[in-house]
Chemist: 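I'd like to ask you about the structure that follows.
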Amino acid sequence: MLRKILPNFSRLQSYRKFHTTATADMKIISIPALQDNYSYLIVDESTNEAIAVDPVEPNKVLDAADKAKVKLTSVFTTHHHWDHAGGNEELLSQKPELAVYGADNRIAKVTNFVKDNDMFKIGSLNVTCLMTVCHTNGSVSYYVTDGEDKAVFTGDTLFVGGCGRFFEGTPEDMHHSLSNVLALLPKDTKVYCGHEYTKSNLKFALSVDPDNTSLKEKIAVCESKAITVPSTIGEELQFNPFMRVTDPTIQKNVGKTDPIEVMAKLREMKNNFK
Ligand SMILES: *[C@@H]1O[C@H](CO)[C@@H](O)[C@H](O)[C@H]1NC(C)=O
Ligand SMILES: *[C@@H]1O[C@H](CO)[C@@H](O)[C@H](O)[C@H]1NC(C)=O
Ligand SMILES: *[C@@H]1O[C@H](CO)[C@@H](O)[C@H](O)[C@H]1NC(C)=O
Ligand SMILES: CC(=O)N[C@H]1CO[C@H](CO)[C@@H](O)[C@@H]1O
Ligand SMILES: CC(=O)N[C@H]1CO[C@H](CO)[C@@H](O)[C@@H]1O
Ligand SMILES: [Zn+2]
């Protein structure tokens with residue numbers, strides 16, 4: 001509402017000033033898909049435009065857009081795996097006008113190939129693409145803000161309390177993606193990940209960080225919840241072992257001190273964790 005009476009700020013410079021006093025315009029709708037996979041709708045409430053993130057089951061996303069009475073204009077694909085990108089063909093067959101963002105030529109229907117630190121606006125939302133490779137070598141996290149609220153869509157790179165498997169990258173790549181890229185986002189950035197793996201992630205985290213009170217509190221909070229997403233970057237830094245590879249307790253419990261070796265060991269232990 002407020003926005004309608006304000007002048008046209010088209011440059012980021014003005015945009016930043018404008019938003020320091022504006023009310024937040026971003027709304028995020030979580031859409032559980034398949035068994036444990038998440039798609040999302042990011043809505044810009046000032047223009048009613050919406051972005052679908054990893055719309056693996058297109059009809060669920062289109063229904064959600066109809067219910068919310070928003071106009072879907074774009075698709076963000078986090079990586080090429082079928083349970084994220086597998087809905088693009090079908091969605092585009094119904095809505096060929098959509099702009100599809102992604103960073104991997106194995107993703108169907110991409111119209112806008114993105115690179116690290118690409119920035120653009122969708123409606124009034126400010127989007128920054130962050131290459132966060134390792135799970136796949138074309139994995140992107142999309143950082144989206146209306147100047148007040150902040151969210152990052154991490155696909156299978158960062159999960160609540162964990163991270164994705166290293167299919168196309170090294171422990172060094174994951175360490176870089178988590179600690180040199182995602183950890184540097186503002187602490188109040190909400191983390192929207194690709195799967196609901198929180199409970200098993202936190203159980204593993206407790207095995208290597210048994211006395212961490214933040215972790216125990218998070219486990220208690222998540223116990224009774226079916227949907228635990230989003231968390232925040234600030235929270236993850238408190239209890240996600242893969243973001244805490246320099247923590248002495250975790251180093252002691254995995255028997256390594258070099259952060260890259262801690263990362264490798266954590267992943268190996270998690271893969272074998274029951
Ligand atoms: C806002 O400004 C941009 C760039 O100057 C221009 O292309 C666009 O048409 C303007 N939009 C409106 C609604 O005036
Ligand atoms: C990404 O990994 C795939 C599969 O291993 C490989 O074919 C491709 O060349 C890699 N791409 C880059 C940019 O490294
Ligand atoms: C838009 O994104 C850029 C890049 O992250 C950032 O420098 C700028 O402050 C952002 N503007 C707002 C209003 O969030
Ligand atoms: C029901 C279903 O297909 N769920 C999928 C969710 O994503 C994981 C991959 O992370 C698949 O293994 C599941 O099959
Ligand atoms: C007891 C313990 O190890 N608590 C730690 C949990 O994690 C936070 C965030 O790093 C630390 O500040 C606590 O010391
Ligand atoms: Zn994946």
Side-chain angles (χ1 to χ4, degrees), residues 30-42 51-58 60-61 75-91 100-118 129-144 151-178 180-182 191-202 204 227-231 236 240-243 260 263-264 266-273:
S30 300
I31 306 168
L34 307 175
Q35 265 162 17
D36 53 26
N37 305 276
Y38 284 121
S39 301
Y40 299 99
L41 265 187
I42 312 170
I51 306 154
V53 181
D54 289 349
V56 59
E57 291 184 292
K60 285 193 182 164
V61 172
V75 174
F76 288 173
T77 313
T78 60
H79 63 294
H80 77 280
H81 288 157
W82 74 270
D83 54 331
H84 298 262
N88 286 8
E89 296 262 13
E90 188 190 328
L91 181 57
V100 180
Y101 295 80
D104 194 316
N105 58 20
R106 292 169 291 185
I107 299 169
K109 298 292 174 187
V110 174
T111 57
N112 297 56
F113 275 93
V114 303
K115 302 185 308 301
D116 196 28
N117 282 315
D118 276 359
C129 302
L130 303 168
M131 290 310 296
T132 46
V133 302
C134 182
H135 178 69
T136 74
N137 59 24
S139 289
V140 187
S141 295
Y142 297 89
Y143 175 65
V144 186
V152 66
F153 297 83
T154 56
D156 291 353
T157 297
L158 172 62
F159 293 125
V160 179
C163 70
R165 287 179 188 248
F166 304 173
F167 288 126
E168 295 177 355
T170 61
E172 204 160 2
D173 290 330
M174 187 55 90
H175 180 55
H176 177 78
S177 295
L178 296 182
N180 300 343
V181 181
L182 295 171
V191 175
Y192 290 89
C193 55
H195 298 277
E196 181 59 53
Y197 293 158
T198 305
K199 289 188 180 79
S200 69
N201 284 342
L202 294 178
F204 171 71
I227 293 180
T228 64
V229 176
S231 64
E236 294 302 326
N240 187 326
F242 296 90
M243 291 184 100
I260 308 297
M263 177 63 79
L266 279 171
R267 188 65 260 176
E268 183 196 320
M269 289 167 74
K270 173 70 169 76
N271 291 351
N272 298 315
F273 189 72

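Residue indices begin at 1 and follow the sequence shown. Whatever order the structure lists ligands and atoms in, that order sets their numbers, starting from 1. Only heavy atoms go into these numbers, but all of them, side chains included; no hydrogens, no water, no symmetry mates.
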Chemist: Is atom 7 (O) of ligand 2 less than 4.0 angstrom from some protein heavy atom?
Modeler: no

Chemist: From the N, O or S atoms in His81, identify the one nearest to the Zn ion (ligand 6).
Modeler: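 Distance check against the Zn ion (ligand 6) picks out ND1 in His81.
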
Chemist: Just how far is it from atom NE2 of His135 to atom CG of Asp156, taken to the nearest 0.5 Å?
Modeler: 4.0 Å

Chemist: Checking side-chain polar atoms at under 3.5 Å, does Thr132 have a donor or acceptor matched by the opposite partner on Ser141?
Modeler: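 Yes, a side-chain donor-acceptor pair sits under 3.5 Å.
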
Chemist: Would you give the angle at the Zn ion (ligand 6) between His79 atom NE2 and Asp156 atom OD2, to the nearest 10°?
Modeler: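 The angle at the Zn ion (ligand 6) comes to 90°, rounded to the nearest 10°.
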
Chemist: How about Phe153 and Tyr40: are their ring centres within less than 6.0 Å of each other?
Modeler: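 Ring-ring flag for Phe153/Tyr40: true, centres closer than 6.0 Å.
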
Chemist: Is atom 11 (N) of ligand 2 near the protein, in the sense that some protein heavy atom lies at less than 4.0 Å from it?
Modeler: yes

Chemist: Do the ring planes of His84 and His79 sit parallel (below 30°), tilted (30 to 60°) or perpendicular (above 60°)?
Modeler: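 His84 and His79: tilted rings.
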
Chemist: For atom 4 (C) of ligand 2, grab the closest protein heavy atom and report residue, atom and distance to one decimal in Å.
Modeler: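 Checked against all protein heavy atoms, atom 4 (C) of ligand 2 sits closest to Arg106 NH1, 3.6 Å.
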
Chemist: Among all protein non-hydrogen atoms, which one is nearest to atom 1 (C) of ligand 2, and what is the separation to 0.1 Å?
Modeler: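 Result for atom 1 (C) of ligand 2: Asn137 ND2, 1.4 Å.
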
Chemist: Return yes when atom NZ of Lys199 has more than 12 non-hydrogen atoms of other residues, nucleotides or ligands closer than 6.0 Å, and no otherwise.
Modeler: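 Count over threshold, so yes.
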
Chemist: Can you tell me if Glu196 uses its side chain to pair, donor with acceptor, with the backbone of Thr228 under 3.5 Å?
Modeler: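 Yes, the answer is positive, given that a donor and an acceptor are paired below the 3.5 Å cut-off.
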
Chemist: With a cut-off of 2.8 Å, does Asp83 put an N/O/S atom close enough to the Zn ion (ligand 6)?
Modeler: no

Chemist: Which ligand 2 atoms are under 4.0 Å away from a heavy-atom of Glu168?
Modeler: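 Those atoms are 1 (C), 2 (O), 4 (C).
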
